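To keep things clear, I will list the structure first and then write my remarks on it.
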Amino acid sequence: MLTGESHKEKAVVNIIIHAVLFTFFLQLLTDFIESIYALGLLGSSIPVEILASTLFFSPILLLIARKGIPVWGILALAELVVLARALEVMLDTRLKMMVSGIGVAAFLIYLPALLWDMGKEQHLRKKSSAILGASLLLSAVTLILLRAINSGVDITTGRENLWLGWIIAAAAAALLIHNYRRESKGAGRDIPPAEANSTKPVSFSRIAGLSVGVCAVFLLLYFAFANPNVIVRWSAADYLGVMVFVFISYALFAVLMASSWFRGLLRPGVVWIWNAVFVFSLALTILAQQIQFPQTPSSYPLNEPLISPYAYIPLAVMILLAPVLVVDFYLYVRDIIHAKASLPSLGGGFTLGAFFMLLMVFANIFTTVYDYIPLVGPLLRDKFWLVHLIAGAALIFPLLLVNEDSYDFGLIPVNRKNYVLFFGYIVLAGLFSIYSINSASSLLTASNSANETVRLLTYNIRQGYSADGTKNYTDQLGLIRSLDPDIIGLQESDTNRISGGNTDIVRYFADNLDMHAYYGPKTVTGTFGIALLSKYPILNPRTFYMYSAGEQTAGIHARVKHGGEVFNIYVTHLGNGGPIIQQEAILKETAGQSNVILMGDFNFKTGTPQYSLTVESLEDAWLLRWPSGQDDQGNRPVERIDHIFLTPGLSVEEASYLEHPASDHPAVMVSVSK
């Protein structure tokens with residue numbers, strides 16, 4: 001038998017191993033869904049690759065494992081997760097989808113197999129659930145840190161930082177093998193044969209419900225709670241403030257869980273209330289930001305409604321109560337471990353849980369792309385809040401199945417010194433995250449330029465994907481940096497959704513370019529992403545919406561002072577075909593304004609009624625510089641749908657359409673002076 005101290009050392013190793021595995025699973029899940037979406041994005045349709053989502057049903061393979069899985073088999077599944085995570089970041093979109101999908105499938109088999117194996121060790125059951133709960137908390141904190149230190153983009157998933165992901169993967173693989181060798185020598189497995197083989201009848205419905213609860217925890221972490229930047233884009237709340245509050249919440253939870261008084265307080269009624277308030281706050285946070293769009297065209301353009309300061313109360317409550325995800329996870333895995341369910345039963349339960357995850361992933365994405373999804377899609381328009389409410393309900397209701405004796409919460413089975421390190425990691429992760437965010441914002445330029453020429457860029461970044469379908473926001477950043485614009489209008493920049501890998505490309509660009517940024521439409525509206533970046537302060541930014549029978553569209557209006565002049569900047573992205581009713585709304589907004597710069601992806605070409613209507617009051621910057629429509633290099637972009645329109649009286653010194661493989665849209669660059 002291991003000594004008590006040895007058991008605690010082993011617990012620390014297991015916490016680290018599973019924190020890494022949980023982190024890798026959530027990263028693989030993120031990349032898997034994003035890759036499927038990206039392949040559909042390339043064709044603006046439902047891709048055949050969506051069939052890869054059947055990998056979610058991998059736990060069904062456990063139905064045939066009636067004799068169980070040897071420890072080396074469970075190890076092999078964990079190593080497959082690690083290998084998939086190490087490889088997928090190097091691959092193109094299609095191969096990334098396949099490899100990340102295999103990694104997701106391996107984890108969805110590994111976790112129920114692990115819980116089944118833990119159920120055989122009576123004296124370690126309580127400790128096992130505490131280890132997994134602690135691992136999940138560290139995983140969430142780590143995922144937040146990895147994005148915060150790289151301006152909203154996970155630093156370990158980009159090609160420029162492959163080495164960092166490989167180091168973590170190599171360390172995890174080595175620890176897994178080390179742990180297996182200890183297990184194979186009998187460490188921690190000295191249990192009476194009768195106990196190891198004994199079984200108690202347990203209903204499949206109970207195992208299935210608990211499995212759904214486990215999957216709901218991962219789902220909500222994936223949706224938002226391991227990515228506070230997503231919550232910020234729901235609500236336009238202050239990023240630094242949200243991050244500070246998130247880490248206060250997690251650190252406070254870690255401190256309270258060290259208290260026997262607090263652990264004793266966590267009885268069924270208290271946990272139920274905690275969950276109910278959390279889920280209600282989650283739904284209310286989104287609903288407060290959700291816009292009920294009028295059905296009558298005459299109601300547009302529609303200014304984004306002002307949000308009451310009271311609307312941020314549920315946001316604060318939601319963040320403060322988010323550690324309940326760890327509490328629920330502890331309860332569900334502990335009950336599963338104690339039930340000693342058969343492997344086929346767990347396989348069936350986790351198949352249902354993974355199926356629920358898949359349905360919720362589709363529902364989440366359909367709230368944005370509803371116009372492309374027959375029958376089901378339109379039902380989810382403006383229902384972002386409902387998707388999260390259903391996910392929250394799946395988190396709560398399995399509590400009905402938890403035995404009351406499972407509420408005997410145990411302290412993480414490590415010694416005091418290691419617990420201090422555990423808490424210290426949370427604090428340090430928080431400090432590094434907050435420092436990174438604060439450093440990026442403190443570098444912003446505060447002065448104005450005496451140069452009378454303003455360099456404008458409009459760029460549809462295609463969700464960060466290049467023309468060949470490879471995720472390539474680093475090359476897009478490089479192109480923008482080489483052009484050195486003063487003001488940038490971005491389109492298809494709404495990547496702060498699961499369909500975009502929860503990646504905050506706007507923040508990434510702004511921080512790396514040392515520019516101010518206004519994100520534009522909140523992601524809860526399911527709107528085309530548009531954003532405004534500027535070297536100089538953005539004054540009075542606002543979002544307005546146009547009537548949209550299909551995908552919702554919006555515009556940005558802000559003022560930027562440059563070279564002694566104040567410019568009225570407008571950025572937009574119209575729907576397919578550039579509906580004239582949407583352009584009419586834009587022109588209603590620009591009417592009567594001076595120094596207007598209107599730029600974006602208009603989805604209409606020259607010679608169309610929309611274009612003719614626009615040039616009645618504004619001028620085409622390209623034609624102001626090149627009246628014949630052809631530049632001095634012989635380029636004649638007759639198919640152009642990306643435009644910059646200007647108030648009459650503004651002069652254009654340079655104008656370029658820059659075809660670049662970093663996107664399927666050209667970057668349109670114009671230099672303007674008064």
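This structure is a prediction, so every number in the text was calculated from the model and none was measured. Reckoned from all heavy atoms, side chains included, excluding hydrogens, waters and symmetry mates.
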Looking at Leu108 and Phe56, what are the two nearest heavy atoms and their distance?
-> CD1-O, 3.7 Å
Compare every heavy atom of Ile434 with every heavy atom of Leu240, then report the nearest pair and how far apart it is.
-> CD1-CG2, 3.6 Å
List the atom of Ile149, the atom of Leu146, and the distance in Å for their closest heavy-atom pair.
-> CG1-O, 3.8 Å
What's the shortest heavy-atom distance between Arg267 and Asp408, and which atoms?
-> NH1-N, 4.3 Å
Rounded to the nearest 0.5 Å, what separation is found between the CG atom of Leu80 and the CZ atom of Arg85?
-> 14.0 Å
Hey, does the side chain of Ser466 reach the backbone of Ala662 with a donor-acceptor pair shorter than 3.5 angstrom?
-> no
Heavy-atom pair of closest approach, residues Asp511 and Ser151 = OD2-OG, 2.7 Å
Test item: Phe247 and Ile319 side chains (from C-beta on) under 4.5 Å apart, heavy atoms | no
Walk me through it: do Phe225 and Ile231 pass the test side-chain contact (heavy atoms from CB on, under 4.5 Å)?
-> CA-CA 8 Å; Phe225 291 96; Ile231 297 171; 4.1 Å; yes
Side-chain touch Val361/Tyr222, heavy atoms, less than 4.5 angstrom = yes
Determine, step by step, whether Tyr407 and Val271 satisfy the side-chain contact (heavy atoms from CB on, under 4.5 Å) criterion, reporting the C-alpha distance in whole Å, the side-chain angles of both residues, the deciding distance to 0.1 Å, and the verdict.
-> CA-CA 9 Å; Tyr407 285 82; Val271 174; 3.7 Å; yes
Nearest non-hydrogen partners of Val333 and Ser129, listed with the distance = CG2-CB, 3.9 Å
Got Leu331 and Asp335 here, is their nearest side-chain heavy-atom distance under 4.5 Å?
-> no
Rounded to the nearest 0.5 Å, how far does OG of Ser249 lie from CG of Leu321?
-> 7.5 Å
Working for ring pair (Phe, Tyr, Trp, His ring centres under 6.0 Å), residues Tyr37 and Phe32 | CA-CA 9 Å; Tyr37 177 82; Phe32 183 44; over 10 Å; no
Hey, what do you get for CE (Met118) to NZ (Lys127), rounding to the nearest 0.5 Å?
-> 13.0 Å
Answer whether the closest heavy-atom distance between the side chains of Thr367 and Val387 falls below 4.5 Å.
-> yes
Is the distance between the ring centroids of Phe107 and Phe218 less than 6.0 Å?
-> yes
Mark yes when over 12 heavy atoms from residues, nucleotides or ligands other than Phe362 sit less than 6.0 Å from its CZ; otherwise mark no.
-> yes
Trace of the side-chain hydrogen bond (donor to acceptor under 3.5 Å, both in side chains) decision for Asn229 with Asn502 = CA-CA 8 Å; Asn229 53 297; Asn502 290 328; over 6 Å; no
Any sub-3.5 Å donor-acceptor pair from Thr470's side-chain atoms to Asn472's backbone N or O?
-> no
Would you please test Asp504 and Tyr519 for side-chain contact (heavy atoms from CB on, under 4.5 Å) and show each step?
-> CA-CA 10 Å; Asp504 196 339; Tyr519 192 82; 4.1 Å; yes
Side chains of Arg147 and Tyr508 in contact at under 4.5 Å (non-hydrogen atoms) = no
Between Tyr312 and Thr285, does a side-chain hydrogen bond (donor to acceptor under 3.5 Å, both in side chains) hold up when you go through it step by step?
-> CA-CA 7 Å; Tyr312 293 96; Thr285 294; over 6 Å; no
Strictly by modelled atom types, are Thr156 and Gln27 linked by a side-chain donor-acceptor pair under 3.5 Å?
-> yes
Under 3.5 Å donor-acceptor, Glu492 side chain and Gly529 backbone = no
Assess whether atom CZ of Phe432 is packed by more than 12 heavy atoms of other residues, nucleotides or ligands within 6.0 Å.
-> no
Would you please test Val71 and Leu75 for side-chain contact (heavy atoms from CB on, under 4.5 Å) and show each step?
-> CA-CA 6 Å; Val71 175; Leu75 169 69; 5.5 Å; no
Calculate, to the nearest 0.5 Å, the distance between atoms CG and CG belonging to Leu77 and Leu176 respectively.
-> 11.0 Å
Are Tyr473 and Val153 side-chain neighbours, meaning at least one heavy-atom pair lies under 4.5 Å?
-> yes
By side chain to side chain donor-acceptor pair (under 3.5 Å), Ser53 pairs with (sequence neighbours left out) none
Aromatic rings Phe384 and Trp234: how do their planes relate, parallel, tilted or perpendicular, breaks at 30° and 60°?
-> perpendicular
Indicate whether the side chain of Tyr518 and that of Ser534 have a donor and an acceptor atom separated by less than 3.5 Å.
-> no
Heavy-atom side-chain proximity of Leu29 to Met357 below 4.5 angstrom | yes
State, yes or no, whether a side-chain contact exists between Leu282 and Leu389 at a heavy-atom distance under 4.5 Å.
-> no
One should read off an interatomic distance between Leu346 CG and Ile337 CD1, to the nearest 0.5 angstrom, of 10.0 Å
Heavy-atom donor-acceptor pair, Ser406 side chain to Val402 backbone, under 3.5 Å = no
Is it the case that Ser139 and Thr23 place a side-chain donor and acceptor less than 3.5 Å from each other?
-> yes
Counting N and O atoms only, with roles assigned by atom type, does the side chain of Tyr250 sit under 3.5 Å from a partner on the main chain of Ala140, one being a donor and the other an acceptor?
-> no
Do we see a donor-acceptor contact under 3.5 Å between the side chains of Asn179 and Asn14?
-> yes
Supply the atom-to-atom distance Phe422 CZ to Tyr425 OH, rounded to the nearest 0.5 angstrom.
-> 10.5 Å
Parallel, tilted or perpendicular, as decided by the 30° and 60° cut-offs, for the rings of Tyr110 and His18 | parallel
Okay, side chain of Asn227, backbone of Val230: is any donor-acceptor separation there less than 3.5 Å?
-> no
State whether the side chain of Ser135 and the backbone N or O of Ile131 hold a donor-acceptor pair below 3.5 Å, judged by distance alone.
-> yes
Lys/Arg-Asp/Glu bridge criterion (N-O < 4.0 Å) met for Lys96, Glu34 = no
Would you confirm whether Ser35, through its side chain, and Asp31, through its main-chain N or O, come within 3.5 Å as a donor-acceptor pair?
-> yes
For Gln463, the option from Ile505, Thr503, Thr495 that meets side chain to side chain contact (heavy atoms under 4.5 Å, CB included) | Thr495
Would you say Arg497's side chain and Thr523's backbone share a donor-acceptor pair under 3.5 angstrom?
-> yes
